[in-house]
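As a basis for the values below, the full set of heavy atoms in this structure was taken, side chains included, without hydrogen atoms, waters or symmetry mates. Chain A is the first sequence line, chain B the second, and so forth, proteins listed ahead of strands; every chain is numbered from 1.
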Protein chains: 2
Amino acid sequence: MSKKNKDSIVIPTAVIKRLPKYHRYLEQLVHEGREKISSQQLGDIVGVSAPQLRQDLNYFGNFGQQGYGYNVKKLYNSLAEVMGIQNKSKMVLVGVGNIGQALVNSKDFEKRSFYLSAIFDSDPKLIGSEINNLEVKDVATLKDYIRENNVDIGIIAVPGSVAQEIADNMVESGIKGIWNFSPVDLKTPQAIQVENEHLTEGLLRLSFKVKDE
Amino acid sequence: MSKKNKDSIVIPTAVIKRLPKYHRYLEQLVHEGREKISSQQLGDIVGVSAPQLRQDLNYFGNFGQQGYGYNVKKLYNSLAEVMGIQNKSKMVLVGVGNIGQALVNSKDFEKRSFYLSAIFDSDPKLIGSEINNLEVKDVATLKDYIRENNVDIGIIAVPGSVAQEIADNMVESGIKGIWNFSPVDLKTPQAIQVENEHLTEGLLRLSFKVKDE
DNA sequence: TAGATTGTTAATCGATTAACAATC
DNA sequence: TAGATTGTTAATCGATTAACAATC
């Protein structure tokens, strides 16, 4: 068994934040046909120190080999497994407004192991219409749909004023994680994972940094 | 002078990340007509500890009053000033694809002190068309436009393969900050502020956390 | 004035980096 | 075997929390 049993150890959030970045650069290296890489080299590419990279990876297993480094393909696959990208995740999206439509039309999901199984809105004018081969369903049927179809992830792209209500519905029907694009902080039980994309906050941070210069 | 001169002190990035959140909740409290608030109360609402909130605020000045707390309106305005939201920021957007269109149609900017001054694309089929009263300009004219119009912030919503090139153009023509929606890490001079919205990374993080449960 | 709550220093906690023995 | 590079422990750095004097 090459991978350690570290189930009891909590992964620092700082480490979790870096994982997708490692994955992205490794994907690129795989495409370039690179075979091996040292922690120093990969660290330089990704923009972290070599010891930090090794520390991070070793939370999940011993993927390298002394005197050699890391096999790119193997490390990439190991990381994909760690991140749960091996098995496909079923998603639903609620809110077919500006951002919602952008997400529905995006090709990024398919490239990864995520796929949109259904999309919902509350606007009668939109319900029944089709976007990227997906029929817009009535949000009133959301809970039943999630329950019956074993949905993993719910995407919230509705106005802040109704986001909590949608989140509650998702939680009640057994969703595992929520990808939140609405500009509010959702109140959810500990067991439910939430990832926020508070876009306006990003712009405000940028504004501060620009002004501060 | 109620505000300290702390220009020489570097603001921790962790603090900068929290500022927009404080601003958002304070905006809400102002709307609700709340007059005063203690660090304990505001911390509870925002989800940070009271001492942390006080520490954070005191990087920028002494906004509170012993025995009283903070005047909501005053604190909100002070924070807006700190974040550079007092003076309007002029932005251009490059890439009128899925995300780009969503941003153009979004009403969030106008509510804040940001406004889109022009939008660009490289697709001849899109150039000349109109989105939300903005004509899509040829990206070949981007550099001249930024220079002539004193643009503050450039939004990059193009595919990763051309993002660096657009960023280079922006930097050369004197942009101050870049809001990057492309899935690459841009190479820019230190003086240029960059804020990344790597949406796919958010989804991957969520996937990891869901799987890890 | 007495009570409340800030601003700030000191103590703790967590995350990063340095160093090096283990080993391919 | 000798050189290279990992995995991991120890040292440092930064960020958060605790505590309390200052003061409204």
Quick one about R147(B) and S173(B) (side-chain donor to acceptor, distance below 3.5 Å, no hydrogens or angles considered), yes or no? no
Exercise: do S117(B) and Y145(B) side chains pair donor with acceptor under 3.5 Å: yes
[atom1]/[X]: more than 12 non-hydrogen atoms of other groups inside 6.0 Å:
X: K88(A); atom1: NZ; answer: yes
X: K73(A); atom1: NZ; answer: no
X: E35(B); atom1: CD; answer: no
X: E172(A); atom1: CD; answer: yes

Output the rounded distance in Å from [atom1] ([X]) to [atom2] ([N]).
X: N58(A); N: dA10(D); atom1: CG; atom2: P; result: 16 Å
X: K17(A); N: dA15(C); atom1: NZ; atom2: P; result: 10 Å
X: Q40(B); N: dG7(C); atom1: CD; atom2: C1'; result: 16 Å
X: L57(A); N: dA15(C); atom1: CG; atom2: C1'; result: 16 Å
X: I11(A); N: dA15(C); atom1: CD1; atom2: P; result: 11 Å
X: D56(B); N: dT8(C); atom1: CG; atom2: P; result: 14 Å
X: F60(A); N: dT8(D); atom1: CZ; atom2: C1'; result: 16 Å
X: Q41(A); N: dT6(D); atom1: CD; atom2: C1'; result: 13 Å

Choose from dA15(D), dG7(D), dA15(C) the nucleotide whose nearest atom is closest to any side-chain atom of Y70(A). dG7(D)
Closest to side chain of T13(B), choosing from dG7(C), dA15(D), dG7(D): dA15(D)
With a 4.0 Å cut-off on N to O distance, would you call [X] and [Y] a salt bridge?
X: D168(B); Y: K187(B); answer: no
X: D152(A); Y: K90(A); answer: no
X: E27(B); Y: R112(B); answer: yes

Between protein and nucleotides 18-24 of chain C, map the contacts as a letter string: B base, S sugar-phosphate only, - none, heavy atoms under 4.0 Å, written 5' to 3'. BB--BBB
Give the dot-bracket string for DNA chain C, reading 5' to 3', where a pair is Watson-Crick or G-U wobble with both distances under 3.5 Å, ( ) marks pairs inside the strand, [ ] marks pairs crossing earlier ones, | marks a partner on another strand, and . marks unpaired. ..||||||||||||||||||||||
Taking only the side-chain nitrogens and oxygens of S38(A), find out if one of them lies under 4.0 Å from OP1 or OP2 of dT5(D). no
Take A14(A) and G69(B), find for each the nucleotide of DNA chain C with the closest heavy atom, and name the residue whose nucleotide sits nearer the 5' end. G69(B)
